[in-house]
Number of protein chains: 2
Amino acid sequence: MPRPEPISRRDRPAKPPLSRAAILDAAVDVVHRDGAAALTMRRLATELDTGPASLYVYVRNTTELNALLIDRYLSELDLSWDGREAWRERLQRVVDDYAGLLASQPGLASAALTTWPDGPHYLDLLELLMRLLDAAGIDVETAARGVDLLLQHATASAAEWAAHATPAGQDLADLTETLNAATAERHPSLHRAGSTVFTSGTPDERTRWATTAIVNGILAGASEHPRR
Amino acid sequence: MPRPEPISRRDRPAKPPLSRAAILDAAVDVVHRDGAAALTMRRLATELDTGPASLYVYVRNTTELNALLIDRYLSELDLSWDGREAWRERLQRVVDDYAGLLASQPGLASAALTTWPDGPHYLDLLELLMRLLDAAGIDVETAARGVDLLLQHATASAAEWAAHATPAGQDLADLTETLNAATAERHPSLHRAGSTVFTSGTPDERTRWATTAIVNGILAGASEHPRR
DNA sequence: ACCTGAACACCGTTCAAGT
DNA sequence: ACCTGAACACCGTTCAAGT
């Protein structure tokens, strides 16, 4: 009896050896197909045709996996600045881009909130932001705090945006309903403001407004130490 | 044979009937004893001496549970303002308090990020913030956006703080290490700034700085629409 | 040395069946 | 009508055992 031909490479590609890079590639595939929420150690192991335990040889834990993945996604962003575009415009754009990137895959943002992305592209992002704030005439210490705040804002916005887009999340109607409970007696300011003030405008526009406010705040004497 | 005495109430209190309130009480107990990360539907059911399915009669899902719980915790905060304390000071204090509250129980903050707290005390918080920004001379629409941003900041700060305090989280050393990879060629600004700029100061102090910056940003002509 | 099967200790949510 | 046992479809992580 003839030994059966091995299945051709084309039909069933040879199982590639595991490596950090191979794991990250598979992670990108999973996120692309089923969203970041589907990216679990077990799912990733299935994808790589192995058991979950094998991944732990290359990745310390889920947190580290997420940190690596975000850096990987960051590589798709334009993080250059020729110095000709006004710093304000460039800053607005990179913050928008970063928030958009994190929001593009539900779950990526919430990972970014509890994880410092770790890798060369994240450094590129930090470098760009520091350059822009330096161009704005802001001293290094203040700039570092500003970068922190801007990234926090971008990440949190993306997380909120993503959370309310999932089926388990609440939607805007819930908040409006809550606000309708505001009475003229106990909550006069809210009552006067109406139940839609907190939800007017597009999420995009609201995020841009906030970014502008933060930048203005950094410029407006934020180098002073806050009073207790 | 005499029927055994029923176990006395003192030894084994009568199983109270389920209700939203009873569930929330048990949730507070669980969080108090084992932290917000331990608050799961199953754990809560065990606590209430029933099966997890029973909870779904009173609470739609985990998201709603968290929303209710945060409001419950909010009731412990002082949300009054007599108008004598300067608005800036009062604002700083309530934001600090809110962030502290969310950070006090690991997991509460990350719930708040993806969940609008729902209940009377959350309305009290919104009311106070709107009053304070009104006292600062800010128009209603801008104030609403400002409140949004301030709460986002408080929540995100608490989430970060809590995340890095858990065993699974990264610690500051990781970020410093990442920054050490910045070279004078590719990342001159970072290289110049040094690897500790992003981690200098206490988390508390950094959060206060950011709050001040945001307030200044709201004041500093943030009522203009941002340029595209 | 490198890799992994199987186990441990969990999850949220649903639904058919009981009282 | 109200409640729930049991099941469904998952998790992250560890470690003893295999190649």
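Convention: sequence-line order gives letters A, B, ...; per-chain numbering from 1.
Both distances falling under 3.5 Å, in either a Watson-Crick or a G-U wobble arrangement, place D/dC2 opposite C/dG18. Shown here, D/dC10 forms no base pair; nothing in the strands shown gives a Watson-Crick or G-U wobble contact with both key distances under 3.5 Å.
In this structure, A/L55 atom CG and C/dA6 atom P are separated by 17 Å, rounded to whole Å. Per the geometry, OH belonging to A/Y56 stands 18 Å off P belonging to C/dA7, to the nearest Å. Between A/M41 atom CE and C/dA9 atom P the separation is 20 Å, expressed in whole Å. If you measure from atom CG of B/D49 to atom P of D/dC3, you get 15 Å, rounded to the nearest angstrom. A/L65 has its CG atom 9 Å from the P atom of D/dG12, to the nearest Å. The nearest whole Å value for the distance from the CG atom in B/L44 to the C1' atom in C/dC10 is 16 Å. B/E64 places its CD atom 11 Å from the P atom of C/dT13, with the value rounded to the nearest Å. The CG-P distance, from B/D34 to C/dC10, rounds to 11 Å in whole Å.
Listed candidates were D/dT13, C/dT13, D/dT4. Nearest to the side chain of A/R42 is D/dT13. Considering only the side chain of B/T40, C/dG12 comes nearest among C/dG12, C/dT4, C/dT13. Relative to the side chain of B/T50, the nucleotides C/dT4, D/dC3, D/dT4 differ in distance, and D/dT4 lies closest. Among C/dT4, D/dT4, D/dA7, the nucleotide with an atom closest to any side-chain atom of A/A53 is C/dT4. For B/R43, taking side-chain heavy atoms from C-beta onward, the closest of the listed nucleotides C/dC11, C/dG12, C/dC3 is C/dC11. Closest approach to the A/S54 side chain among D/dC3, C/dC3, C/dG12 is made by C/dC3 (side chain taken as heavy atoms from C-beta onward).
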- Task: In sequence, state the C-alpha distance, the side-chain angles, and the governing distance for A/R206 and A/E160, and then conclude on salt bridge (Lys or Arg N to Asp or Glu O under 4.0 Å).
- Result: CA-CA 12 Å; A/R206 296 173 69 76; A/E160 280 178 19; over 6 Å; no
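Remark: side-chain polar atoms of A/R72 are not paired, donor with acceptor, to backbone N or O of A/G119 under 3.5 angstrom. With hydrogens and angles ignored, the 3.5 Å screen pairs no side-chain donor or acceptor of B/T196 with any backbone N or O of B/T199. A donor-acceptor pair under 3.5 Å is formed between the side chain of B/H153 and the backbone N or O of B/T207. Although no hydrogens or angles enter the test, the distance criterion places no donor-acceptor pair under 3.5 Å between the side chain of B/S157 and the main chain of B/A154.
Taking the P atoms as reference points, C/dA9 lies 23 Å from D/dC10, given to the whole Å.
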